[in-house]
Amino acid sequence: MAENRTLLQVKELKKYFFIGDSLFKKNRQYLTAVDDVTFDIKKGETFGLVGESGCGKSTLGRCIIKLYEPTGGNIIFDGNDITNISEKEMMRYRKRIQMIFQDPYASLNTRMTVSEIIGEGIDTHNLTKGKERQERIHKLLKIVGLKHEHASRYPHEFSGGQRQRIGIARALAVEPDLVICDEPISALDVSIQAQVVNMLEDLQDNMGLTYLFIAHDLSMVKHISDRIGVMYLGKLMEICESKELYKNPIHPYTQALLSSIPIPDPRLNKVSKRIILHGDVKSPINPPEGCRFHSRCRFCEKICTEVTPKLIEVETNHFVACHLVK
Ligand code: SF4
């Protein structure tokens, strides 16, 4: 249940990657992965962040946990600006902000046992030792639906779904406040996806967790998110409550994304109209002014190619970045 207290504020965040080898600043090229992104997350809330592959959503998650240094803007966690703090100071916040990665196998050290993987954070942050440490690991395994005999096994002995459960147990071992879930179900079988989402929801209720839930598809965040932000080429295009987004999508890109979700009832699926996006995705390298979506937008006008639209509140708590929406 979301509280009124803001846990995370992201203000005008930018992450540019310098590419090429020119010595002259004016000739340098930048890949603008995240560009002027602003949003906040309340304590206990799940904020879904959605966009196609390469839109910058994972980079944004990695900036928040400081795996990447932001190029500009601010990250304020629980009232403290952590944008430019030292690695030593960040250790304190690493305990409070954890991440679950998309590929559970790649994110787990294959030479470590499950017990060592889960216990690593406990040791780094000096939380507990000896018998109590082992009991805590067994309790975490139980919480994520694994058995205590799994503690001595290695990641390759598990299925994809079980490995993701190990990744979740590792994140929870340090009792974080915010968990950045970076496409945690994308690599899993459809039958396992719902189980993992249900487990994350139960954990949130029982442990008071706050989630930033990153996904490439709106159908994946529908049930878990309280609010959703839709991202395109480094920019936020629309933010509103989850129910409102599915009922009343305003941005042309959100409308196209929603229209591509298959409807389980074949009769309804036949009559629902899919919006096909034509045109090329613009390059994130030195992008020109204008709406990032204009090359694929069916409503594009002259102004869209010249002026970048601002994210404005068009209805209560419903923000959209589009020149045609006032
Ligand atoms: Fe389409 Fe223009 Fe709106 Fe961008 S600003 S979404 S190009 S209508």
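Positions are given from 1, in the same order as the sequence printed here. Both ligands and their constituent atoms are indexed starting at 1 by order of listing.
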Under the ring-ring contact (aromatic ring centres under 6.0 Å, His included) test, residues paired with H150 that sit two or more places apart: F158
Ring pair (Phe, Tyr, Trp, His ring centres under 6.0 Å) contacts touching residues 298-326 (sequence neighbours left out): none
Can you measure from CG (L31) to OG (S283) and round to the nearest 0.5 angstrom? 7.0 Å
Pairs in or reaching into residues 100-123: which pass salt bridge (Lys or Arg N to Asp or Glu O under 4.0 Å), with residues at least two apart or in two chains? D123-R133
From D81 atom CG to I75 atom CD1, the distance as rounded to the nearest 0.5 Å: 8.0 Å
Examine F47 together with F39 and report whether their ring centres are nearer than 6.0 Å. yes
Sorted by chain and residue number, which protein N/O/S atoms are under 2.8 Å from atom 1 (Fe) of ligand 1? C297 SG
